[in-house]
Amino acid sequence: MNQRHLIEITREHFRSVIDKNLSSILNAYSKSENLLVFVEGPRWMTVGYQAVAKGWRDFCSSSINLRSCDWIDEPEAECNDLLGFVAGMVKLEVEINGETKYTQFRGSFVFKNEGDRWRIIHEHFSQPAADPYGIGDWIKP
């Protein structure tokens, strides 16, 4: 197994979400009740396979239509025999009630090798907070 394979798994997952292919989407996740997903909003997190599955079922019947979704640049990735991750910046185009929106997120997936395939055990999509400490960026120029 190599990192390129995990990156391709994330791209397949993005295509499944664009197609609203619920069975393919759900098959990407570990059926663990320890599954932890930090969605892009508005809720903070979703815990457990059943809750994640309900979230995807509701997404697939929502007015959100994902038109495109992919990594902005080649993401970082690493894996061993049991665990792996893919992380980077994701850009997407969505159509909601006839209005097109473009946005980008930080995205990361943690995978576990479950024998028959690599499945997501943690997913995190977010945007930076504007100024959480009130001091701007602490990295000096």
Exercise. In Å, rounded to the nearest 0.5 Å, how long is the span from CD1 of I120 to CG of L36?
Worked result: 12.5 Å

Exercise. What are the two closest heavy atoms between S63 and N97, and how far apart are they?
Worked result: CB-OD1, 3.4 Å

Problem set entry | Inter-residue atom distance W71.CH2 - T10.OG1, 0.5 Å rounding | 5.0 Å

Please set out all donor-acceptor pairs under 3.5 angstrom arising from side-chain atoms of residues 37-50, sequence neighbours excluded.
{"residue": "R43", "atom": "NH1", "partner": "T46", "partner atom": "OG1", "Å": "2.7"}

For this session: Under the side chain to side chain donor-acceptor pair (under 3.5 Å) rule, collect the residues that match up with K54, sequence neighbours excluded.
Result: D58

Problem set entry | Derivation and outcome, side chain to side chain contact (heavy atoms under 4.5 Å, CB included), residues I121 and F111 | CA-CA 6 Å; I121 59 171; F111 294 91; over 6 Å; no

Exercise. Which residue pairs satisfy the salt bridge (charged side-chain N to carboxylate O under 4.0 Å, His left out) criterion with at least one member in residues 14-38, sequence neighbours excluded?
Worked result: E8-R15

Exercise. Are V110 and L35 connected in a single hydrophobic cluster, I mean Ile/Leu/Val/Met/Phe/Trp/Tyr linked by side-chain heavy atoms less than 4.5 Å apart?
Worked result: no

Problem set entry | Test side chain to side chain donor-acceptor pair (under 3.5 Å) applied to D81 - qualifying residues, sequence neighbours left out | none

Exercise. Under the 4.5 Å side-chain heavy-atom rule for ILVMFWY, direct or indirect, which residues accompany I72?
Worked result: M89

Problem set entry | Pairing residues for E76 by the side chain to side chain contact (heavy atoms under 4.5 Å, CB included) criterion, not counting sequence neighbours | F85

For this session: Compare every heavy atom of G107 with every heavy atom of V90, then report the nearest pair and how far apart it is.
Result: CG2-CA, 4.4 Å

For this session: For residues 86-111, pull every pair meeting salt bridge (charged side-chain N to carboxylate O under 4.0 Å, His left out), keeping only residues two or more places apart or in separate chains.
Result: R67-E95

For this session: Return the minimal non-hydrogen interatomic distance between A53 and L26, and the atom names on each side.
Result: CA-CD2, 3.5 Å

Problem set entry | Closest non-hydrogen atom pair, L6 against C79 | CD1-CB, 3.6 Å

Exercise. What orientation do Y29 and W56 show, parallel under 30°, tilted 30 to 60°, or perpendicular over 60°?
Worked result: tilted

For this session: Begin with the C-alpha distance, continue with both residues' side-chain angles, and end with the deciding distance and a verdict on side chain to side chain contact (heavy atoms under 4.5 Å, CB included) for F14 and L92.
Result: CA-CA 10 Å; F14 293 157; L92 51 94; over 6 Å; no

Exercise. How close do I25 and C60 get, heavy atom to heavy atom, and via which atoms?
Worked result: CD1-SG, 3.9 Å

Seminar exercise, completed: Sorted by chain and residue number, the side chain to side chain contact (heavy atoms under 4.5 Å, CB included) partners of I18 (sequence neighbours excluded) come out as L66, C69

Problem set entry | Minimum heavy-atom distance I9-W118, with the two atoms named | CD1-CB, 3.8 Å

For this session: Using the salt bridge (charged side-chain N to carboxylate O under 4.0 Å, His left out) rule, collect all pairs that involve residues 119-141, keeping only residues at least two apart or in two chains.
Result: E114-R119, D116-R119

Problem set entry | side chain to side chain donor-acceptor pair (under 3.5 Å) partners for S23, two or more places apart | N21

Exercise. Under the ring-ring contact (aromatic ring centres under 6.0 Å, His included) test, which residues partner F125, sequence neighbours left out?
Worked result: F109

Exercise. Under the side chain to side chain donor-acceptor pair (under 3.5 Å) test, which residues partner R57, sequence neighbours left out?
Worked result: none

